[in-house]
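First up is the structure itself, then whatever we jot down about it.
Heavy atoms only: backbone and side chains are in, while hydrogens, waters and symmetry mates are out. In each ligand, atom 1 is the first atom listed, and ligand 1 is the first ligand listed.
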Amino acid sequence: MWTARVFTLYPELFPGPLGIGLYKKALDKKIWSLEIIDIRDYAEDRHKTVDDTPFGGGSGMVMRADVVANSLDKNILDKKEPIIYLSPKGKKFDQIYSKKISKKNINIICGHFEGIDERILETRNIEEVSIGDFVLSGGEIGAFVIIDSVVRLLPGVLGNPKSLSEESFENDLLEYPQYTKPQKWEKKEVPSVLLTGDHKKIKDWRLSQSEDITRRRRPDLWKKYKKDK
Ligand code: SAH
């Protein structure tokens with residue numbers, strides 16, 4: 001079973017979008033599990049303070065290292081488990097990273113305010129991970145992104161595991177276009193090759209569509225694809 005342990009100030013947001021459909025079924029089947037830790041429970045003062053003003057001045061508040069550390073130390077018993085801190089300064093999250101972390105349980109810290117006291121990142125061997133070049137108000141949506149992308153990789157979650165190997169980013173290509181019934185809709189026909197039943201021809205057509213769309217939309221991926229081919 002793959003477990004994601006999430007450290008958050010907003011436990012009420014979970015499981016949120018992860019509590020439906022295939023994800024719920026997979027939870028019930030114990031293919032994965034979600035543990036939500038309320039960081040505020042680990043604040044030691046009367047007011048349950050988790051943040052404070054930054055040294056050196058500046059706007060906003062910073063999450064305290066001692067409170068976050070306390071929540072990590074009391075809940076992560078296996079010290080080899082990776083810890084991720086969601087942060088716009090982190091390594092960009094992608095499908096390769098998702099596959100890597102699907103092999104081990106992970107701990108995810110969701111930041112808020114201006115972020116976390118830097119010292120926690122240094123003392124607890126935490127990897128900073130970003131979900132993209134934009135700034136969110138908190139790490140929770142990033143946690144949903146990461147967990148969502150990992151869970152669908154776990155064996156037994158998707159009905160047809162073959163669909164994984166044909167998806168975008170496999171072999172550095174974006175996926176080909178998909179069609180379903182009706183065959184004719186608003187004067188638009190489904191590409192005729194898809195109706196031939198000729199598997200080789202369909203495969204070739206899909207590959208050429210994938211190549212075409214990747215070349216036009218994602219020159220960075222296209223370069224990688226050409227190099228590895
Ligand atoms: N002051 C910080 C931004 C803080 S945003 C800076 O300029 O870098 C508040 C929290 O939202 C962060 O601690 C982080 O956990 C989360 N967050 C914001 N943008 C994110 C992104 N692109 N990827 C992952 N987490 C993000």
> Exactly which residues line ligand 1, taking a heavy atom under 4.0 Å from it as the test?
Replying inline: Tyr85, Leu86, Ser87, Pro88, Gly111, His112, Phe113, Glu114, Gly115, Val129, Ser130, Ile131, Gly132, Phe134, Val135, Leu136, Ser137, Gly138, Gly139

> Between Arg206, Arg218, Lys229, Arg217, which is the residue that forms a salt bridge (charged side-chain N to carboxylate O under 4.0 Å, His left out) with Glu211?
Replying inline: Lys229

> Does the side-chain hydrogen bond (donor to acceptor under 3.5 Å, both in side chains) test come out yes or no for Tyr42 and Asp66, once each step is laid out?
Replying inline: CA-CA 9 Å; Tyr42 296 85; Asp66 56 346; over 6 Å; no

> Considering residues, nucleotides and ligands other than Leu34, do more than 12 of their heavy atoms fall under 6.0 Å from its CG?
Replying inline: yes

> Using the ring of each side chain (for Trp, its six-membered ring), is Tyr23 parallel, tilted or perpendicular to Trp32, with breaks at 30° and 60°?
Replying inline: perpendicular

> Does Lys100 have any side-chain contact (heavy atoms from CB on, under 4.5 Å) partners at least two apart in sequence or in another chain, and if so, which?
Replying inline: Tyr97

> Just by distance, with hydrogens left out, do Ser87 and Glu128 show a side-chain donor and acceptor under 3.5 Å apart?
Replying inline: yes

